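Contents: one structure, followed by commentary.
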Amino acid sequence: MRVRTSGVLNTFFAVLLCTQSALVSAAADTIFLGGPIVTVNTNNEEVEALAVKDGKIVALGQQADIKKNWSGSKTQVIDLNGRTLMPGFVEPHVHIVLTSMVEGLWLDLSNFTLPYDTLETISTKLRAALKNVPPGGWLAGFGVDPSRTSPFMAELTTEVLDKVSTDVPIFIVNQSGHIAYVNTKAFEVAGVTNKTPNPPGGGIYVKDAQGNLTGKLIEPPSYLPFQAKMPVPTQAQLVEAMRKTTKKLAMKGITTSAEITVGANLGLDNELGLYQYLMVNGGLPVRVRAYLYGSAIPKGFNAIKPNQGDDRLRFVGVKFLADGSTQGLTAALNEPYTYPADTKNKGSLNYQTETLLNDMRPYFDQGWQISIHANGDRAIDQALENYNTLLAGVAQPEKRRLRIEHFTITKPEQLIQTKKLGVVPGFTIGHVHYWGEPFHNQIVGPARANRIDASASMKKEGIRFAYHSDSPVSPYGPLKYITQGVTRLWQSPLERVLGPKERVSVDDAIRAVTIDAAYQMMSDHEVGSLEAGKLADFVVLEKNPRTTAPAQIADIKVLETWVGGKRQAW
């Protein structure tokens with residue numbers, strides 16, 4: 001009898017222990033409550049509490065239910081104290097390596113405040129930076145912008161730069177990234193002369209009426225002879241710069257970012273090695289979705305396969321440049337620019353249509369997502385024509401999610417084709433704020449300027465779109481993008497609105513920096529909204545953007561970022 005009783009008790013305690021073990025394993029690592037939790041799910045719901053376990057969201061809902069079902073002895077309960085929890089922001093178009101170089105290794109000449117710089121103030125900054133150039137070094141910089149310089153369209157030339165130095169080679173990239181300026185010494189070191197032919201891929205060594213080099217370079221292929229002679233930063237310098245820049249991204253609430261042109265600055269092998277080194281040695285504070293720069297890929301390259309990597313670093317696409325910069329007057333338009341008066345300049349395409357198609361097709365066939373930079377409506381026409389050809393016979397073209405970057409100057413009929421092909425556009429929404437006035441008053445005129453970054457028209461057509469910075473082209477900060485997309489206010493004068501009909505709601509703008517940006521990068525299954533099963537990537541904000549005046553959303557403080565259920569140290 002005792003033996004039988006002992007057996008029953010043993011069985012009872014065994015079941016109890018198993019039950020307790022199951023309860024412990026089911027308990028969440030962390031529960032968030034006490035403030036608005038904005039899910040950005042299909043219904044844009046807000047919930048009272050959210051539970052995280054093993055780096056993923058396991059439950060959302062009412063506070064009482066979450067605490068009852070997911071609390072354990074080791075569960076950390078975080079009271080938001082009225083602060084707002086949202087999905088971590090998704091930045092689908094950043095040049096991380098270039099931004100790191102600009103912020104950490106080059107002279108950053110960007111000026112997004114008022115008043116504008118002049119050639120004199122720029123030259124003063126360059127002279128001051130000369131003392132930091134080591135023997136044999138170059139003075140490299142980024143961020144001059146003639147469309148935001150006084151007087152309008154005042155531009156650097158060899159004459160201007162030679163007054164800064166005739167001994168140190170100078171290489172300055174325009175804010176757009178599609179134009180650069182060099183002095184006579186740089187031409188000498190690079191071996192570029194009046195007789196040097198323009199490189200393929202849209203590169204131009206600009207010359208005056210007498211055939212003499214002016215110091216202006218158009219499109220990245222023209223930079224290559226100069227970059228080949230510039231000292232290469234050490235791995236230690238690049239690693240430090242990358243860590244600092246990605247930390248700044250995280251401080252803006254970004255938890256997933258694109259690297260949109262792997263190989264564009266230091267060569268493909270060097271940049272692949274840099275990212276792989278970083279991931280092996282401590283990683284980065286943000287997830288990265290990487291796009292190889294098409295022009296940098298050597299023939300026969302197969303070291304990286306489509307979607308190779310993990311949820312921290314994954315290679316998803318290949319990027320091509322179809323044209324240049326709208327504010328730089330090089331984007332390919334169907335009708336001429338309106339500056340200067342009576343100009344016939346329509347910008348230019350970087351490739352013949354068939355050449356671009358042939359360059360893209362092998363990567364498309366391999367399964368890569370294709371991304372095309374196209375600012376002007378003529379370049380967008382070319383991109384859509386090529387995408388139509390690539391997708392011919394594809395049963396569900398929307399699954400390929402082909403991208404068009406910037407999609408700046410558009411025609412209404414292009415939106416219809418975009419929807420048909422399942423193309424996902426991305427807008428540099430800072431265009432409307434920082435360049436709204438020059439676009440409207442000088443560069444393309446009111447009719448075309450009012451259609452720039454046509455968000456509301458996209459929404460009406462049922463097209464998903466994303467907002468981005470194109471950093472270092474414009475400042476990163478998704479809360480700013482929300483304000484810019486909702487208000488479309490010029491920086492100067494602030495009260496003017498560029499294209500009032502293209503303003504969107506706050507919820508639409510939030511989706512453009514979260515779930516729809518994740519969709520654009522093939523990552524909406526894992527990030528971009530707060531839903532059970534997704535990665536626990538969050539941002540904690542001082543205020544709820546859904547209940548904040550649109551013009552003030554840009555100023556909401558980012559208090560914390562969480563990646564994989566872990567708070568990132570700032």
Side-chain angles (χ1 to χ4, degrees), residues 108-122 125 143-155 174-176 252 325-329 331 333 337-341 343 375-376 406-410 427-457 467-506 508-509 512-513 543 545 548-557:
D108 189 355
L109 295 162
S110 302
N111 179 15
F112 288 101
T113 60
L114 299 175
Y116 293 157
D117 273 314
T118 66
L119 292 182
E120 288 72 24
T121 60
I122 293 169
K125 293 175 185 179
V144 297
D145 185 351
S147 69
R148 290 176 55 87
T149 299
S150 182
F152 183 69
M153 285 298 174
E155 205 157 26
N174 178 288
Q175 189 70 53
S176 70
K252 294 294 184 180
S325 162
T326 317
Q327 58 268 31
L329 312 181
L333 304 179
Y337 288 88
T338 53
Y339 178 88
T343 183
N375 266 311
H406 316 313
F407 213 88
T408 307
I409 306 293
T410 60
F427 299 130
T428 310
I429 194 62
H431 276 147
V432 303
H433 184 64
Y434 301 111
W435 292 278
E437 182 180 14
F439 278 147
H440 185 277
N441 292 342
Q442 288 119 339
I443 294 173
V444 294
R448 285 181 290 184
N450 285 333
R451 295 199 305 269
I452 283 174
D453 299 348
S455 306
S457 295
Y467 288 157
H468 62 246
S469 64
D470 193 18
S471 177
V473 174
S474 75
Y476 48 81
L479 288 166
K480 289 182 181 179
Y481 316 161
I482 295 172
T483 286
Q484 291 161 357
V486 175
T487 67
R488 293 182 66 92
L489 289 170
W490 295 359
Q491 185 180 43
S492 175
L494 192 60
E495 66 271 12
R496 292 296 303 274
V497 176
L498 184 70
K501 293 182 180 179
E502 294 301 340
R503 290 177 291 191
V504 295
S505 71
V506 170
D508 290 335
V513 299
K543 299 177 182 178
T548 300
Q552 297 172 10
I553 293 173
D555 299 321
I556 294 175
K557 291 182 181 179

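Computed from a predicted model, the values in this text were never measured in an experiment. Here, residue 1 is the first one in the sequence, and each next residue gets the next number.
- There is no side-chain donor-acceptor pair under 3.5 Å between Gln327 and Ser176.
- In the model, Ser457 has a side-chain atom that pairs as donor or acceptor with a side-chain atom of Glu502 under 3.5 Å.
- Electrostatic pairing of Lys125 and Asp117 counts as a salt bridge here, judged by a charged N lying under 4.0 Å from a carboxylate O.
- Counting all heavy atoms, side chain and backbone alike, Asp470 lies closest to His468 at N-CD2, 3.5 Å.
- Looking at every heavy atom in both residues, Thr118 comes nearest to Thr149 through CA-CG2, 4.0 Å.
- Just one of Val486, Val504, Asp508 meets the side chain to side chain contact (heavy atoms under 4.5 Å, CB included) condition when paired with Ser455; it is Val504.
- There is a side-chain donor-acceptor pair under 3.5 Å between Gln491 and Arg148.
- In this structure, Tyr339 has its ring center closer than 6.0 angstrom to the ring center of Phe152.
- For the atom pair CG (Asp453) and CD1 (Ile429), the distance works out to 4.5 Å, reported to the nearest 0.5 Å.
- Judged purely by atom type and a 3.5 angstrom limit, Ser474 uses its side chain to pair as donor or acceptor with the backbone of Ser469.
- At a threshold of 4.5 Å between non-hydrogen side-chain atoms, the residues Pro500 and Arg488 do not count as touching.
- When every heavy atom of Ala554 is checked against every heavy atom of Thr483, the shortest pair comes out as N-OG1, 2.9 Å.
- Closest approach of Ala331 to Gly376, counting heavy atoms only: CB-N, 3.9 Å.
- Closest approach of Val473 and Phe112 over heavy atoms only: O-CZ, 3.2 Å.
- The backbone N or O of Pro472 sits less than 3.5 Å from a side-chain atom of Gln175, completing a donor-acceptor pair.
- Taken from NZ in Lys480 to NZ in Lys252, the straight-line distance is 5.0 Å, to the nearest 0.5 Å.
- Screening Asn375, Thr326, Thr428 for a side-chain hydrogen bond (donor to acceptor under 3.5 Å, both in side chains) involving His406 leaves a single residue, Thr428.
- Just one residue in the list Tyr116, Trp435, Tyr434 forms a side-chain hydrogen bond (donor to acceptor under 3.5 Å, both in side chains) with Asp145, and that residue is Trp435.
- For the residue pair Tyr337 and Val444, the shortest heavy atom distance occurs at CD2-CG1, 4.1 Å.
- With Leu498 as reference, His440 is the one residue of Gln484, Glu437, His440, Arg503 to meet the side chain to side chain contact (heavy atoms under 4.5 Å, CB included) rule.
- Without hydrogens or angle criteria, Arg451 side chain to Thr410 main chain gives a donor-acceptor distance under 3.5 Å.
- Of the possible donor and acceptor atoms, one in the side chain of Thr338 sits under 3.5 Å from a partner among the backbone N and O of Ile443.
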